[in-house]
Structures are given as C-alpha cells and as structure tokens.
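Start at 1 and go down the list; that is how both ligands and their atoms are numbered. As the structure is a prediction and not an experimental result, all values here were calculated from the model.
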Amino acid sequence: MIIDTHCHIYRSEMENADEIIKEAAKNDIHLILNGTDPQSNEEVLELSKRYENVHAALGYFYSFAEEITDEDISLLDNQLENNEVIAVGEIGIDYYHRKDNRDKQKELFEKMLDLAEKHDLPVIVHCRKAMQDTYDILKKHDVMGSMHCYQGSAEMAQEFVKLGFYMGIGGPITHNNNKKIRKTLKKIDISHMLVETDSPYLTPEEKRGEKNTPLNLKYIIRKLAEELDMTESQIMEITAENAKKLFKIKEH
Ligand SMILES: [Zn+2]
C-alpha cells in the first residue's frame, strides 16, 4: 500500500477524477483528498464514501479567509463527525500569495485548529513564507499532523517534529533547480516523512507540463530513495507506516 497524503483529485479540480481514483486503486495507492472550501469539502466527502482507497481531509484554506462565515464553520464542524474523515486540511497561512490579510488568515487557521482539537483529528498544514507564525500558532494547540510540501530548514523541521508533525515530501524534490530541498531532506529522519503529490499541482520533473496525478508518486519515491541511499520499497513501507499511524488508516 502507498499513501498519497495530500492531493486534490475531485471534479472541480480535475474532470477525470473518478478515472484517476480507479487507476490509483489498481496500483494499491490510497489517497487523502484535501478540501479547501465548502464545495470541495462536499466533493471530497462524497468520493470518500464511494471509493475504498479515498480518505477525506476537510478544511478551509487561507485564500477563503474573508469569505468563510460562522455557518460555514458549523457546517464543517458537523461534517468532521463523519467516519470517512481522517484529518482537518488543507489549512494554514500563506504570506507569499497574500500579505494584506495576515490577521484574517491567522484567525481562520486558529478556528481550524480548534475544530481539529475538538474532533481529535490530525491536521494537514499549508505554509508559505509564514514559518514562524505557523509554528507559534501550532505550538499553542494540542494537534499533530503533516507539514504539507515542507520547504523550511532542517532545524525548523526538528521543531515541528517535537510538536508531533511529519514533513510532507512531494514533487519539488525532483525539480532540477531545487537543490536546497534535497539538501534539507538528508537531515530529516525518514521516520518523520510522508509522501504526497498535491495533484493536480507540483508535477515532478519527469512529467513537467502535465497535470500531476497520484500515479506520479513513484518519481518522488525513486528520488527519495536515491537521496537517502535506501531502496524504493523501504521508502514506500516506512512512509506508508508513518501515514497509517498519523491518520489512523487501517489496511483491509
Ligand atoms: Zn494542496
């Protein structure tokens, strides 16, 4: 079993979502689909009920910080009761794309973390140019989770690990120009790594120009094996165990 711990394979992002999910199932790939707003959360929930290899993460993304209402929050609160839901995500803060509404972003992030605590669920965190604020906010909450597409330093990764976090490793490690992330990787213990694609985004080097799919996880695993001097099956096995432990996914 391989687990793509972060992707967006639903119709509003990819027309052929059903096809991709079935293809992933044939390859024993489980998917954690991440919603970002009320509409995509609904899609994720529906797909997780329909397909055995789909697990739901529901949350509100920073880009909707101004739009999310109290009603939306209570809707999510109810949806998190569902058995298919294994995490609160994609949530987080991003000062690269939006500098103008930091307080609003932080406020929404805190509300998402409160819900994760209430429902005893791990979180899947997006963080861009906001490392210190993300860390400070997470530290105040009793949550574990994944730092999706981790791009920070090895030192900072250690701090997140102490809080109970895993580093999500994806397509950027295969990009020719991203030497920094490959250097950082070597200093993070494999016992705190997860693999993910962020499909349809962050396509690996091998498939540049195409929409990304979970089937491309193999390129990430291959690169990780190369960089860490381990076999691909070791990488697959250890990262799947990490994901199963964090998200409480059972083999059947
Ligand atoms: Zn994402």
- Item | In the protein, N/O/S atoms that are found under 2.8 Å from the Zn ion (ligand 1), waters not counted | His6 NE2, His8 NE2, Glu90 OE1, Asp198 OD1
- Is Glu110 salt-bridged to Lys140, cutoff N-O under 4.0 Å? yes
- Query: Does the pair Lys223/Glu226 count as a salt bridge with the N-to-O cut at 4.0 Å?
  - Reply: yes
- Do Ile29 and Leu215 have side-chain heavy atoms sitting under 4.5 Å apart? yes
- Message: Under 4.0 Å between a side-chain nitrogen and a carboxylate oxygen: does that hold for Asp133 and Arg102?
- Response: no
- Co-members of the apolar cluster containing Tyr96 [side chain, <4.5 Å]: none
- Tyr166 versus Thr239: any side-chain heavy-atom pair under 4.5 Å? no
